[in-house]
Amino acid sequence: MRLSQLFTKTSKNVPADEEARNAQLLIQAGYIHKEMAGVYAYLPLGLKVLENIKRIVREEMNAVGGQEVMMTTLQPRDIWEKTDRWDDKKVDNWFKTALKSGTELGVGLTHEEPIVDALSIYVNSYKDLPLYVYQIQNKFRNELRAKSGLLRGREFVMKDMYSLARTQEEHEKLYDQAVETYHRIYGRLGLGDATYRTYADGGIFTDKFSDEFQTLSEIGEDTLYVDEARKIAINEEIYTDENLAKLGLDKSKLVKKTGVEVGNTFHLESKYTDALDVYYTDENGQQKSIIMGCYGIGISRLMGVLAEYFADERGLVWPEAVAPAKVYLARLGNDPAVIKQADELYEKLTNAGVETLYDDRDARPGEKFADADLLGLPYRLVVSAKTQEAGKYELKARQSTEVRQLDETAVMKSLGREQ
RNA sequence: CGGGGAGUGGCGCAGUCCGGUAGCGCACGCGCUUUGGGAGCGCGGGGUCGCAGGUUCAAAUCCUGUCUCCCCGACCA
């Protein structure tokens, strides 16, 4: 992508209506556009980041055998009444709308009911189970207060997976596998060290704990007690001596921290399947309950967490796995020979599969360096009269201060895919 | 939903207390000079001051209502 053709621009001003660092940076850098409180649009570079996060999550979901679907945003009332989640007194953050006829509809805030309802047509026998099904979709929640930029919106992108199992033992296996997958995802996103499996309240219909995945961060809303050696934590909500004993946690080894919930997994037992009358027939012709688990990851929230977590005083610092491009190619000056060389280098990088944002604008060096820092691509590559004279290019990693002088072969090798 | 703060060209702000018909920086357009950490000079375009009423000869400024945004709290992925 040539920067001269990208419609977004960076701004020198920090948006006044955002306090959260993630939103300030992402808006300033032109990654997202605020539509209203808690509702953000993704602009070209921001969409790339979002899609990269989705790709990683999707790869891992597929790797455990997840089958991807896309459920609907508009929701019929009846299936939610069957599970007693339609009433605003029961679920208070619904967005609701209506047909012209007056029939009430819900705007999807989660999808246990529609998933189970859709699967009911296909899942009848023990031979049809177990299974994982997932989707990546926008969720709508009428929060009383949106806040913290991408971390708590009213419309947000979420991956939600559901497991259906025949027995409790089978469910546990699926559940543990999903948890492992979650660890892999956070690892790939560069958040592995900062993200803790955290025991939390399991909800009203199970005596099991749920698991949250909490990334330690100042901006977090949750208070945790962390066992750093075991890489495990317990949410303050359930921090009682009884629970500590049940979980085998040693109070003296726990440290109080703040975290952002970047995922959670729940044991749903057979609450939804039973309520929606979905059962399977076992080998003996007996009708049995289906044991369910659900597994959420806030995709857009993760983008906010990554922006927040890896930023420095100059701007964003994307992990390579999600960066909108790998290299920021800055051409300094308008000397025809330099332009020619930079154009050719851009083409070579592109042809070699190295995603490059080419700053071909007629702008001064300072502006280009500042934008390179703000946009936060992993590498900055400079072509100028000076580098041309030296017969080398300048390569600098965003998170480092070291500038390396490399010839073309070395540049291609450093940025090549084999790395 | 309770408490606090704020809405003025695309963005960031001043002006509001004390009413007199809107200004600065950035961005944008043109010209010249510049080119290794957000350039300089000159010229130029763009705003019914969130919205609706009211007071007044006159309202960004005063009064009433209303909408929106941010922060804290409660609630929540």
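All values below come from the heavy atoms of this structure, side chains included, with hydrogens, waters and symmetry mates left out. Lettering follows sequence order; numbering is per chain, from 1. None of the values given here were measured: they were computed from a predicted structure.
- In this structure, A:Trp94 and A:Trp80 have perpendicular ring planes: the angle between them is above 60°, well past the 30° mark.
- If you check B:C72, B:G37, B:C69 against the side chain of A:Asp17, the one that comes closest is B:C69.
- The nucleotide whose nearest atom lies closest to any side-chain atom of A:Ala370 is, among B:G37, B:A74, B:A27, B:G37.
- Here B:G37 sits opposite no nucleotide as a Watson-Crick or G-U wobble pair (both hydrogen-bonding atom distances under 3.5 Å).
- Separation of the A:His183 and A:Phe213 ring centroids falls under the 6.0 Å cut-off.
- Salt-bridge check for A:Arg55 with A:Glu51: failed, with every basic side-chain N at 4.0 Å or more from each acidic carboxylate O.
- With distances taken from any side-chain atom of A:Asp362 to the nucleotides B:A74, B:U35, B:C69, the minimum falls on B:U35.
- Taking the 5.5 Å centre cut-off and the 30° plane limit, the aromatic side chain of A:Phe156 is classed as stacked on B:A77.
- With hydrogens and angles ignored, a donor-acceptor pair closer than 3.5 Å exists between the side chain of A:Arg380 and the base of B:G37.
- For A:Thr10, whose side chain is taken as the heavy atoms from C-beta onward, the closest listed nucleotide among B:G38, B:G73, B:A77 is B:G38.
- Under the side-chain contact (heavy atoms from CB on, under 4.5 Å) criterion, A:Ala178 pairs with A:Tyr132, A:Met161, A:Tyr295, not counting sequence neighbours.
- For A:Arg364, the side-chain atoms get nearest to B:U34 when compared with the rest of B:C69, B:G73, B:U34.
- The partner of B:G2, taking Watson-Crick or G-U wobble pairs whose two distances both stay under 3.5 Å, is B:C72.
- One donor-acceptor pair, N or O on each side, does fall under 3.5 Å between the base of B:C11 and the side chain of A:Asn13.
- When heavy atoms are screened at a 4.0 angstrom cut-off, A:Ser300 is found touching no nucleic acid atom at all.
- Summarising the base pairing, B:G23 is matched to B:C13 through a Watson-Crick or G-U wobble pair whose two defining distances lie under 3.5 Å.
- Of the candidates B:G38, B:G37, B:C69, the closest approach to any side-chain atom of A:Asp373 belongs to B:G37.
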